[in-house]
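The basis for the numbers below is simple: all heavy atoms, side chains too, and nothing from hydrogens, waters or symmetry mates. Sequential numbering from 1 along the given sequence is applied to the chain's residues. All of these numbers come straight from a predicted model, not from anything done at the bench.
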Amino acid sequence: MAEELADRLRDADVGVETEHRHSGRPILSGVAGGLLTGHELAVLRLFARGRRQVEIAQALRISPETVGRLLHRARAVLRARTLAHAVALGGDLGLLERPSS
């Protein structure tokens, strides 16, 4: 299941690094309490690129309702007032940059 999701994320051109390339530590350990999941990060990255929830759902082959829940959870974890605020915070924290290969 995890490999299938990783393939979907690669196909959707969404990189999700699990370790910081310079320190070898988990990339989200100090960010948002380390509570953002790869799924939440992936949908937030696609949303930040201007994709609508339905488009994100199609790209990741999940339901639009699941996309909504993941965006809501990412917003809550980041303590953002709105999704636009979550995108701004994600950008400030360096979460929305595509990892280099």
Side-chain angles (χ1 to χ4, degrees):
M1 181 73 154
E3 289 180 29
E4 181 182 339
L5 178 60
D7 290 340
R8 289 182 194 174
L9 293 174
R10 271 192 290 283
D11 291 344
D13 197 29
V14 176
V16 179
E17 267 186 87
T18 57
E19 290 186 0
H20 193 281
R21 59 190 136 118
H22 300 295
S23 67
R25 289 183 300 210
I27 197 152
L28 297 178
S29 64
V31 178
L35 299 178
L36 268 184
T37 67
H39 292 103
E40 292 158 354
L41 187 54
V43 297
L44 188 62
R45 283 181 174 160
L46 288 170
F47 186 80
R49 291 186 195 163
R51 299 257 190 112
R52 294 184 316 233
Q53 284 186 224
V54 171
E55 294 170 326
I56 295 169
Q58 290 170 343
L60 300 179
R61 289 185 253 158
I62 58 178
S63 75
E65 292 80 14
T66 300
V67 172
R69 281 192 292 277
L70 290 168
L71 286 170
H72 176 78
R73 169 97 170 117
R75 186 180 63 78
V77 168
L78 293 170
R79 295 186 177 175
R81 291 184 295 284
T82 64
L83 281 175
H85 187 211
V87 168
L89 289 171
D92 289 346
L93 293 169
L95 297 175
L96 302 180
E97 297 172 8
R98 191 176 342 169
S100 58
S101 300

With a 3.5 Å cut-off and sequence neighbours excluded, list the donor-acceptor pairs that the side chains of residues 66-73 form with protein atoms.
unit_1: T66; atom_1: OG1; unit_2: S63; atom_2: OG; d: 2.9
unit_1: T66; atom_1: OG1; unit_2: R69; atom_2: NH2; d: 3.3
unit_1: H72; atom_1: ND1; unit_2: R75; atom_2: NH2; d: 3.3
unit_1: R73; atom_1: NE; unit_2: E40; atom_2: OE2; d: 3.2

Under the side chain to side chain contact (heavy atoms under 4.5 Å, CB included) rule, collect the residues that match up with E55, sequence neighbours excluded.
R51, R52

List, one per line, each side-chain donor-acceptor pair under 3.5 Å for residues 76-96, sequence neighbours excluded.
unit_1: T82; atom_1: OG1; unit_2: A84; atom_2: N; d: 3.4
unit_1: T82; atom_1: OG1; unit_2: H85; atom_2: N; d: 3.0
unit_1: H85; atom_1: ND1; unit_2: R81; atom_2: N; d: 2.9

Locate the shortest heavy-atom distance separating A57 from P64; write the atom from each residue and the value.
CB-N, 3.6 Å

